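A quick write-up on the structure given underneath.
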Amino acid sequence: MAQKPSIPKGTRDFSPTEMVRRNYIFDAIKRVFRLYGFQPIETPAMENLSTLTGKYGEEGDKLLFKILNSGDFISKVSDELLNERNSNKLTTKISEKGLRYDLTVPFARYVVQNQNDITFPFKRYQIQPVWRADRPQKGRYREFYQCDVDVIGSNSLLNETELVQIIDDVFTSLNIKTVVKINNRKILAGIAEVIGENDRIIDITVAIDKLDKIGLAKVNVELSEKGVSDEAILKLQPILALEGNCDDKIAQLEVVLNTSEVGMKGVNEIKLLFAYLNNLSLKTDVELDLTLARGLNYYTGAIFEVKAKDFDIGSICGGGRYDDLTGIFGLPNVSGVGVSFGAERIYDILSQQDLFPSDSLETTKVMFVNFGEKEEVYCLPVLTDLRKNGINTEIYPENAKMKKQMNYANKKQIPFVVLAGESEMSKNRFTLKNMTSGDQKSVTAKELINILS
RNA sequence: GUGGUUGUAGUUCAGUUGGUUAGAACGCUGGAUUGUGGUUCCAGAGGUCGUGGGUUCAAAUCCCAUCAUCCACCCCA
């Protein structure tokens, strides 16, 4: 009984065409990363559950894919526990590994574990899939790739500056028009302090983050529901309404946050960062967005988010500074900052705006038609020569009908076909056909290489 | 986790108030054309109608359950 094959919900196969395009994105990103001195690492798809749990909040824990222990794990579980039917409790007994949820936490684990071999500041990039047991929907998958760059072990705002430059370079090279939004968690903390809701900072940031999505009124409702006092919400209004260019906003913040030490620290960081950036003639727009908060709560300083202009798809890149991510693994006081590029969304933008290059180094450039054994022998040395010259070359492996072989070349979008049968062999030449124009001409082996190089 | 949507050929989808042998387009295979692909013409193959039950003389069609899917919310890239 042949069963209908399928893949798990929220996962995808990638066809050759898609892979060529995905690699185009990854290559562009990697090229920029290397340009700034970042080095690649990889970590396992699975981590110990103890490494992952508790790092992403309660919601994040639910979205972790857990891996069942090997062997006869259930026999070791007590009858009481089984009868309790408590999934959470049972999970800790039958699963001790999980698929990674992002690349940052495994990176922090890596840094702590290898701290004696790492030279700080450590600049690494990492491009690997991550998994979330989320319910998939448009542009959201259960398995997707993240492209992370982080530098850990340096407090300098030069790192933030370089990350913005990297963002600028990547999206310029991919031809995507973007705007980089920057904020600072210390400013948000300062705001919370000033309005007297110090310990509600997470609720406040999450709510503020939705400002441009759901509007001011609904944000206020949400704040109120979360238990923020009316008085504090009232105090918050002028801050949310801050207008003007970057300098104006900063000037106003300096007044509002005057009494908050963290807040002023944040303002100073932002000032310095923009001072660096304003000198760089970036091609991307960079703006200070005080409503930018970002969900992840390990951020402590600068936060970034990149949005594509003329394309409403959410953020395509985001990140920030985290002062103590390695602390939970026993290495305190090591600050890091990094951003992550969302490959899937970048892919969607490039394909919808038709921005992928038409030619690729990953596809076949020329195919030899197979006319039979004698002709194969005649062609093989030339195939070898072409390959030695870096030209992607293949020969149809069977003496099939011409139509079939041509069809194969056409479907595979191979731009050139070589025909070498009896008449060509007698003249020691080859017929080269251009599949786009349909033109063909008789050439020598040497000319073949020259034309196709 | 909550709400909704849709499951029919490889793919995208038609299929009337329940009624003979379930259709189309694209794709696939072969031929027109044994050394020329894309265009055209002709022929052919391909379906447990998601699965299980129920109603009925009769179910792709109605009912129930179940699984899958996509979309939205929460959250997030």
Side-chain angles (χ1 to χ4, degrees), chain A residues 1-11 15 25 56-64 87-88 100-104 127-148 202 205-207 209-210 213-214 218 222 225-226 293-297 304-308 313-320 338-349 367-372 375 396 399-425 430-440 442:
Chain A
M1 233 3 120
Q3 56 163 353
K4 202 170 184 176
S6 64
I7 55 174
K9 194 201 309 220
T11 65
S15 68
I25 295 173
Y56 309 104
E58 205 178 317
E59 199 66 34
D61 284 354
K62 279 188 206 155
L63 300 181
L64 284 173
S87 301
N88 284 339
R100 64 166 168 257
Y101 180 90
D102 72 355
L103 299 179
T104 309
I127 298 178
Q128 288 189 276
V130 303
W131 294 267
R132 293 182 190 178
D134 206 355
R135 200 169 284 208
Q137 49 183 286
K138 202 175 186 64
R140 290 177 65 175
Y141 306 94
R142 295 183 128 180
E143 178 187 63
F144 62 97
Y145 277 70
Q146 288 190 331
C147 315
D148 274 32
I202 290 174
T205 52
V206 168
D209 194 39
K210 295 177 184 165
K213 218 191 247 176
I214 62 176
K218 284 188 181 169
E222 184 161 331
E225 280 170 359
K226 288 269 164 69
R294 292 194 64 77
L296 290 175
N297 48 29
F304 308 100
E305 195 158 285
V306 182
K307 290 202 165 156
I313 196 171
S315 76
I316 53 178
C317 176
V339 294
S340 178
F341 291 79
E344 336 293 330
R345 288 180 177 180
I346 294 174
Y347 184 99
D348 287 346
I349 292 174
M367 185 199 85
F368 281 60
V369 171
N370 189 323
F371 285 105
E375 290 85 350
Y396 197 86
N399 179 14
K401 280 183 184 161
M402 186 76 162
K403 181 182 171 121
K404 190 165 184 172
Q405 299 193 40
M406 293 300 283
N407 213 343
Y408 170 86
N410 191 51
K411 285 262 168 65
K412 220 173 152 181
Q413 295 187 55
I414 299 174
F416 294 98
V417 162
V418 168
L419 301 118
E422 254 175 64
S423 62
E424 282 88 354
M425 281 167 69
F430 300 85
T431 297
L432 176 66
K433 181 183 172 90
N434 179 322
M435 291 295 278
T436 319
S437 64
D439 299 341
Q440 55 189 59
S442 173

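All values reported here derive from a predicted model rather than from experimental measurement. Lettering of chains follows the sequences in order, A, B, ..., and the numbering in each one begins at 1.
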Let me know the distance between CD1 of A/I25 and C1' of B/rA77, rounded to the nearest Å.
13 Å

What is the separation between atom CD on A/E59 and atom C1' on B/rU2, rounded to the nearest whole Å?
12 Å

Using the P atom as the reference point in each nucleotide, state the distance between B/rU69 and B/rG50 in Å, no decimals.
16 Å

Across nucleotides 30-38 of chain B, 5' to 3', mark each nucleotide with B, S or - according to how protein heavy atoms within less than 4.0 Å reach it.
-SB--BBBB

Got a sec? Which of residues 131-140 of chain A come in under 4.0 Å of RNA chain B, heavy atoms?
A/R132, A/D134, A/R135, A/Q137, A/K138, A/G139, A/R140

Would you mind classifying the nucleic acid contact of A/S315 as base, sugar-phosphate or nothing, using non-hydrogen atoms under 4.0 angstrom?
sugar-phosphate

Residues passing the side chain to side chain contact (heavy atoms under 4.5 Å, CB included) test with A/I349, sequence neighbours excluded, are A/I176, A/A308, A/F311, A/I313, A/I316, A/Q353

For A/Q413, does the CD atom sit with more than 12 other heavy atoms under 6.0 Å from it, leaving out its own atoms?
no

How about NZ on A/K412, more than 12 heavy atoms from neighbouring residues, nucleotides or ligands closer than 6.0 Å, or not?
yes

Residues in side chain to side chain donor-acceptor pair (under 3.5 Å) contact with A/D61, at least two apart in sequence or another chain:
none

Check the angle between the aromatic planes of A/Y56 and A/Y101 and answer parallel, tilted or perpendicular using the 30° and 60° thresholds.
tilted

Rounded to the nearest angstrom, tell me the gap between atom CZ in A/F144 and atom C1' in B/rC75.
12 Å

Side chains of A/Q405 and A/V417: does their closest heavy-atom pair fall under 4.5 Å?
no

The criterion is side chain to side chain contact (heavy atoms under 4.5 Å, CB included); which residues satisfy it with A/K9, sequence neighbours excluded?
A/P136, A/R142

What is the separation between atom CG on A/D61 and atom C1' on B/rG1, rounded to the nearest whole Å?
15 Å

B/rC75 P sits how many Å from A/R142 CZ, rounded?
19 Å

Can you tell me the distance, in whole Å, between the CG atom of A/L63 and the C1' atom of B/rA77?
13 Å

Listed range with range, the stems formed with RNA chain B by at least 3 consecutive Watson-Crick or G-U pairs (under 3.5 Å) are B:1-4 with B:70-73, B:10-13 with B:23-26, B:28-32 with B:40-44, B:50-54 with B:62-66

Nucleotide B/rC76, atom P - distance to CD of A/E344 in whole Å:
18 Å

Step-by-step side-chain contact (heavy atoms from CB on, under 4.5 Å) determination, A/F341 to A/I127:
CA-CA 9 Å; A/F341 291 79; A/I127 298 178; over 6 Å; no

